[in-house]
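Quick notes on the structure that follows.
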Amino acid sequence: MKWKHDVVVVVTKKEYNLVQWRTIAKVRLKWVKNRSLDHIIDVQTDMKAASLIKDGIIRSPTGYLTSQSLLDSQRLLGLTIPTLRFIRRYPTLFQEYPHPKYPSLRCFKLTELGMMMHHKELEVFEQCEADTVERLCRLLMMTRAQMLPLKSLHPLKWDFGFPDDFDRKLIKKYPDHLRVVKGVCGTNFLKLVQWREEFCVSELQKMNEKKSIEGGGEFKRGKAALEFPMRFPRGYGAQNKVKAWMDDFQNLPYISPYEDSSRIDPNSDLMEKRVVGVLHEFLGLTIFKKTRRNYLRCLREQLNLPHRFTRVFTRYPGIFYLSLKCKTTTVALREGYQRGRLLDPHPLARHRDKLYYLMRTGLVYRNRAVDVMPPHLHLHNDIDVDVAGEEQDDDDDDDEIEEEYYDDDDDELGSNDD
């Protein structure tokens, strides 16, 4: 294990300077597979693919999609099987029938249950509209210029719970929050109209404030050091070297992702903690506390992240988990899940769980699914649906590992994505 000494210069929006010597152990831990989180990501990949197909059918002027139009969509949907095979798995959501003019051409439309779920989703979007606008503003506030290309936001619609037409409906309805501007190359950007101090409290600050109130203490938002919740894989948390490293890391000043970081030394330990804070906040704003690593890479410059920022995912396995399921790399917040389930789920996450329940029932019972699952009983009541099924139910469901340390900056899991 190697040690690295840094001089850390802290400069925040409060315009004060603090010079500190820090001795932080620069180590990296071996990646550990978590079967429970992998299973959840696998399930949610199918949910996302089904939802994207549903939205495509809704957008279609004919009210259906043909098999020909779906042939080349497998990669776009993130599927590991052909799209037609996938869509035929779920007869409760999609109905297959011959084209009116060309009988040999197969068509797919939403079933009655599928349309019911779509209308329910629109209701959830409407109920959560204020929360959606706040999370979108907070995302823009984390960027250098408080704006992002619309083409970078569209892939994030599922993760952040944005409605399919957010770039038209929300912008038109909230002109005092958001507007579209043209970039130098003609690219459309979504820009924050006005900085909002009420949105500047990060998820980590809210978490520490809640703990202080519950403990009967007083929380000060300007506190220098805030601790990130840690849930280490089995075999790491009890190691003295890891504990010492994490203690040093936690004691570094916390830089809010909404503060200016342009004058912080990019090679310092403080910048690394700031990077962890930005990624923690980004994932905390998502519906399922996860996203694809590639989406984050596309936002690297706007979020002022260093060139090789993805190394922090393997350097901090107590905070983040990297999954290699579904032929891509997904990063998730460990603290967002417990015993294989999402903690404090968003209303949209609850609705999507019911969508998967509908899909899974169709997969198991096929043509008898409608009789087995009456829609008035299962889709309109506020019930908890266990999307994880019986696959995993263990909070520490990590494979056994052997201790390994790294002092290089290369991504251990490779750099290929999507």
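Quick caveat, the model's predicted, so the values are computed rather than measured. For this chain, numbers begin at 1 and follow the sequence in order.
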Does the distance from a Lys or Arg side-chain N to an Asp or Glu carboxylate O, for Glu203 and Arg138, drop under 4.0 Å?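 So Glu203 pairs with Arg138 through a salt bridge.
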So, [X] side chain and [Y] main chain: donor-acceptor pair closer than 3.5 Å or not?
X      : Y      : result
Arg300 : Leu305 : yes
Ser73  : Leu76  : no
Ser261 : Ile264 : no

Applying ring-ring contact (aromatic ring centres under 6.0 Å, His included), which residue pairs with at least one partner in residues 119-156 are found, sequence neighbours left out?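 Every ring-ring contact (aromatic ring centres under 6.0 Å, His included) pair that includes a residue of residues 119-156, provided the two are not neighbours, is His154-Phe166.
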Give the ring-plane orientation class for His177 versus Tyr174, where under 30° counts as parallel, over 60° as perpendicular and anything between as tilted.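 The arrangement is perpendicular - the two ring planes meet at more than 60°.
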Partner set under side chain to side chain donor-acceptor pair (under 3.5 Å) for His351, not counting sequence neighbours: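 Partners of His351 under the side chain to side chain donor-acceptor pair (under 3.5 Å) test: none.
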Mind checking what makes side chain to side chain donor-acceptor pair (under 3.5 Å) contact with Asp159, not counting sequence neighbours?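 With neighbours one apart ignored, the set is Thr291.
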Does the side chain of Ile57 come within less than 4.5 Å of His118's, by heavy atoms?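 No, every pair of side-chain atoms sits at 4.5 Å or beyond.
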We want to know whether Tyr321 and Thr330 form a side-chain donor-acceptor pair, criterion being a heavy-atom distance below 3.5 angstrom.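 There is no such pair between these side chains.
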Can Phe249 and Tyr316 be said to form a ring pair (Phe, Tyr, Trp, His ring centres under 6.0 Å), step by step? CA-CA 10 Å; Phe249 168 78; Tyr316 297 93; 4.6 Å; yes
Ring centroid separation for Phe86 and Phe94, is it under 6.0 angstrom?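 Judged by ring-centre distance (under 6.0 Å), Phe86 and Phe94 do not meet the cut-off.
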Give a yes or no on whether the ring-centroid distance for Trp195 and Tyr258 is below 6.0 angstrom.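 That pair fails the under 6.0 Å test.
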